[in-house]
Amino acid sequence: MALRQIVGAAVKSLTVTEVPWSLDWHEAVCRSESANVYASEKWGEYKRHLGWSVKRVIIGDQSGRDLGLVQYQIRKRGPARFILAQGCPLLTEKGTFQAKEVFEAFIAHLDLGRTDLLGIKYHQFETSEAKLALLAHGFHPVISAKDHTLEVNLLQSMESIRSALDGRWRNALVKAERNENIEIKFIHSPSERSLAFDAFSKMYTSLKKKDVQK
């Protein structure tokens, strides 16, 4: 996550066009090499169900070439706004060479006030050009307890790994193993791991839908 609080300035050389929901955003996003789930139509719809106002813009040059695409979300708290762009801005092939200007045009379009806060979170889908553009505009990375990686040395024996687990998780694992309706299988081949990840993705999608319905 990168955060910035600033009043934007106009960028005359680029155009920022708000796009209607009727536009085939999926097709537009898929044309970008850095396309990701957080920039997708489905994610925008999901965030709308959670109460966010979701908007989409296309940033182009005077020749009509698309340089960047942004799907962003807005939540208001009194006079203040929190604006969040996830997996965006997406830079096109042409936009990669003008990343700094694309970000500047997007910030200017938002017309940020002194009580507004803009957050950009790529969820590991950022490109080097996007990262440099963020730094060039004064964004600062935010490290929190939610953004971290855990590594487990799988060269250890299973007993060693289990003994190092937090007691609560170890008890939950023992309880799950005693459930006769649960099948436990250790997979090693890349193809099996890919299938397991697909199965987890379906389960996670189902859980998100239940959360939205609540």
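Every heavy atom of this structure was used, including side-chain atoms; hydrogens, water molecules and symmetry mates were not. Each residue takes its place number in the sequence, starting with 1.
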Evaluate I83 against L110 for side chain to side chain contact (heavy atoms under 4.5 Å, CB included), listing each step before the verdict. CA-CA 9 Å; I83 304 166; L110 296 174; 4.2 Å; yes
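- No donor-acceptor pair under 3.5 Å is formed between the side chain of R81 and the backbone N or O of D116.
- Looking only at atom types and distance, the side chain of Q86 has a donor-acceptor partner in the side chain of W43 under 3.5 Å away.
- Side-chain heavy atoms closer than 4.5 Å link hydrophobic residues (I, L, V, M, F, W, Y) into clusters, and following such links, possibly through other members, connects I74 to I120.
- Of all the heavy atoms in G68 and V102, the pair that sits closest is CA-CG1, 4.2 Å.
- Here the side chains of H109 and E18 are in contact, with some heavy-atom distance below 4.5 Å.
- With sequence neighbours excluded, no residue forms a side-chain hydrogen bond (donor to acceptor under 3.5 Å, both in side chains) with E27.
- Residues F139 and F103 keep their aromatic ring centres 6.0 Å or farther apart.
- Residues passing the side-chain hydrogen bond (donor to acceptor under 3.5 Å, both in side chains) test with S63, sequence neighbours excluded: none.
- Side-chain contact between Q71 and K55 is absent, with no heavy-atom pair separated by less than 4.5 Å.
- A donor-acceptor contact closer than 3.5 angstrom links the side chains of S157 and S160.
- T96 contributes a side-chain N or O that, together with a main-chain N or O of T92, makes up a donor-acceptor pair within less than 3.5 Å.
- Around the CD atom of Q156, the shell of radius 6.0 Å holds more than 12 heavy atoms that belong to other residues, nucleotides or ligands.
- The closest side-chain heavy-atom distance from L117 to L112 is not below 4.5 Å.
- Applying the ring-ring contact (aromatic ring centres under 6.0 Å, His included) criterion to F125, with sequence neighbours excluded, gives no partner residue.
- Under the 4.5 Å side-chain heavy-atom criterion for grouping Ile, Leu, Val, Met, Phe, Trp and Tyr, F97 is not connected to L90 through any hydrophobic cluster.
- Side-chain contact between V57 and Y72 is present, with heavy atoms from C-beta onward closer than 4.5 Å.
- Proximity of D66 to R31: side-chain heavy atoms (C-beta onward) are separated by under 4.5 Å at one or more points.
- Counting heavy atoms of neighbouring residues, nucleotides and ligands inside a 6.0 Å radius, atom CD of E177 exceeds 12 of them.
- Closest approach of G44 and R56 over heavy atoms only: CA-NH2, 4.5 Å.
- Counting only heavy atoms from C-beta outward, the side chains of L91 and E33 never approach each other to under 4.5 Å.
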Let me see the working for W52 and F82 under side chain to side chain contact (heavy atoms under 4.5 Å, CB included), right down to the final yes or no. CA-CA 10 Å; W52 290 79; F82 177 53; 3.6 Å; yes
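- Closest heavy-atom contact between P79 and T115: O-OG1, 3.5 Å.
- Under the side-chain hydrogen bond (donor to acceptor under 3.5 Å, both in side chains) criterion, D61 pairs with R65, not counting sequence neighbours.
- Using modelled atom types, one side-chain atom of W25 and one backbone atom of A39 make a donor-acceptor pair closer than 3.5 Å.
- Cluster annotation: L118 is not connected to L132 through the hydrophobic network of ILVMFWY side chains, with a link wherever side-chain heavy atoms come within less than 4.5 Å.
- Distance check: L67 CG to K94 NZ gives 9.5 Å after rounding to the nearest 0.5 Å.
- Nearest heavy atom pair, residue R75 against residue L50, reads NH2-O, 2.6 Å.
- Note that CD of Q98 and OG of S13 are 7.0 Å apart. Values are rounded to the nearest 0.5 Å.
- Between R162 and V174 the shortest side-chain heavy-atom distance falls below 4.5 Å.
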N/O donor-acceptor pairs under 3.5 Å from side chains in residues 179-187, not counting sequence neighbours:
from: N179; atom 1: OD1; to: N181; atom 2: N; distance (Å): 2.9
from: K185; atom 1: NZ; to: E192; atom 2: OE2; distance (Å): 3.3

Given side chain to side chain contact (heavy atoms under 4.5 Å, CB included), test K47 with L84 step by step and report yes or no. CA-CA 11 Å; K47 295 308 287 278; L84 176 62; 4.2 Å; yes
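- The closest side-chain heavy-atom distance from Y122 to L134 is below 4.5 Å.
- E93 contributes atom CD, which lies 10.5 Å from atom OG of S32 (distance to the nearest 0.5 angstrom).
- Scored by the salt bridge (charged side-chain N to carboxylate O under 4.0 Å, His left out) test, D166 finds R168 as partners (sequence neighbours excluded).
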L165 and L173: side chain to side chain contact (heavy atoms under 4.5 Å, CB included), yes or no, with the steps? CA-CA 10 Å; L165 292 174; L173 178 60; 4.2 Å; yes
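- Under the 3.5 Å distance criterion, the side-chain polar atoms of H26 are left unmatched by any main-chain donor or acceptor of S40.
- Nearest approach of G87 to H123, heavy atoms of both residues: N-CD2, 4.4 Å.
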